[in-house]
Amino acid sequence: MKQFLFSCMFASILTCYNGNNIPLVNSDSTIVKTDTVPSGNDASKNVTLQGEWYLQPVLPSDTAAGKIPTLKFDLKTNRVSGNTGCNSFGGSFMIKGTTLSFSRNMISTKMACPGYNEKAFLENLIKTNRYEIKEGVLQLMYNTTILSNWKRQIDTSISKQL
């Protein structure tokens, strides 16, 4: 009986998602990852998604909950985790060349953050269908439109201005 309850609890945790029925941009099951995990000195070149990225806030609403959103990519497992600026989340992604898509089935904590539009943040993440890394800045994009910019370190000069 305990095993059954544990299995039910575990299954319900795995099926949690952000509540938005946003379709995957690319559900092609033949996508394979082509980005590589950096080794040694290559890690400092920022030529790969691997590792943690911090949002470069543009609007005061980007940090309304008091936190800078983060993304942490694990290319070995195709898993992404991070913080929306309010809640922690985790899920999977697919990558091939510069094509990038996030699963719509993200697991997330459910803290209330008045004044913060977390839904818009998650919708932009799910909308992503490609990326570029230019001069150490990760650009998440929908076709040619830049949805957000991310850096390896928190840009304190920007967050102080907001």
Side-chain angles (χ1 to χ4, degrees), residues 5-27 31 33 35 46 48-95 98-162:
L5 289 174
F6 178 76
S7 296
C8 290
M9 228 171 54
F10 185 73
S12 68
I13 289 170
L14 289 179
T15 58
C16 289
Y17 63 98
N18 66 16
N20 300 326
N21 291 321
I22 302 167
L24 277 174
V25 173
N26 188 344
S27 60
I31 289 182
K33 55 187 172 180
D35 202 348
N46 293 340
T48 180
L49 285 177
Q50 180 69 27
E52 192 159 20
W53 296 87
Y54 299 90
L55 179 69
Q56 289 188 284
V58 176
L59 303 170
S61 60
D62 291 340
T63 58
K67 292 182 183 178
I68 302 281
T70 61
L71 291 175
K72 186 173 185 180
F73 292 94
D74 183 340
L75 295 177
K76 289 181 181 178
T77 62
N78 277 16
R79 302 290 301 167
V80 63
S81 61
N83 190 287
T84 66
C86 178
N87 285 291
S88 296
F89 72 92
S92 62
F93 66 93
M94 292 186 284
I95 183 173
T98 61
T99 299
L100 171 66
S101 63
F102 295 92
S103 169
R104 66 179 175 94
N105 295 323
M106 298 275 185
I107 295 173
S108 175
T109 57
K110 298 290 184 186
M111 290 188 332
C113 296
Y116 181 63
N117 190 353
E118 185 174 68
K119 183 178 178 182
F121 174 88
L122 291 170
E123 285 175 351
N124 272 342
L125 198 62
I126 300 301
K127 220 186 275 186
T128 300
N129 64 1
R130 55 179 290 228
Y131 78 99
E132 290 183 7
I133 299 175
K134 290 183 178 179
E135 298 177 15
V137 176
L138 167 63
Q139 296 176 329
L140 297 184
M141 305 170 79
Y142 176 73
N143 297 331
T144 59
T145 303
I146 298 171
L147 301 172
S148 57
N149 290 311
W150 304 77
K151 279 189 152 182
R152 295 279 185 186
Q153 296 179 329
I154 296 174
D155 190 342
T156 55
S157 64
I158 292 174
S159 61
K160 286 179 184 175
Q161 294 171 7
L162 301 175

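Worth saying up front: this structure is predicted, and the values here are computed from it rather than measured.
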If we only count heavy atoms from C-beta on, is the [X] to [Y] side-chain gap below 4.5 Å?
X    : Y    : value
L147 : F121 : no
T128 : F93  : no
I126 : Y142 : no
I133 : W53  : yes
L49  : L100 : yes
T48  : F73  : no

Which heavy-atom pair separates [X] from [Y] by the least distance, and what is that distance?
X    : Y    : answer
K110 : N87  : N-OD1, 3.3 Å
P69  : W150 : O-CZ3, 3.4 Å
M106 : F89  : SD-CD1, 3.8 Å
M94  : N78  : CA-ND2, 4.4 Å
S148 : L55  : CB-CD1, 3.8 Å
C86  : E118 : CB-OE2, 3.7 Å

Nearest-0.5 Å distance that lies between atom [atom1] in [X] and atom [atom2] in [Y]:
X    : Y    : atom1 : atom2 : value
Q56  : I68  : CD    : CD1   : 10.0 Å
E52  : K151 : CD    : NZ    : 15.5 Å
M141 : Y131 : CE    : OH    : 12.5 Å
M111 : S108 : CE    : OG    : 9.0 Å
K67  : Y116 : NZ    : OH    : 10.5 Å

Under a 3.5 Å distance rule, please check whether [X] uses its side chain to pair with a backbone N or O of [Y] as donor and acceptor.
X    : Y    : result
Q139 : I146 : no
N143 : T145 : no
T70  : N83  : yes
S88  : T109 : no

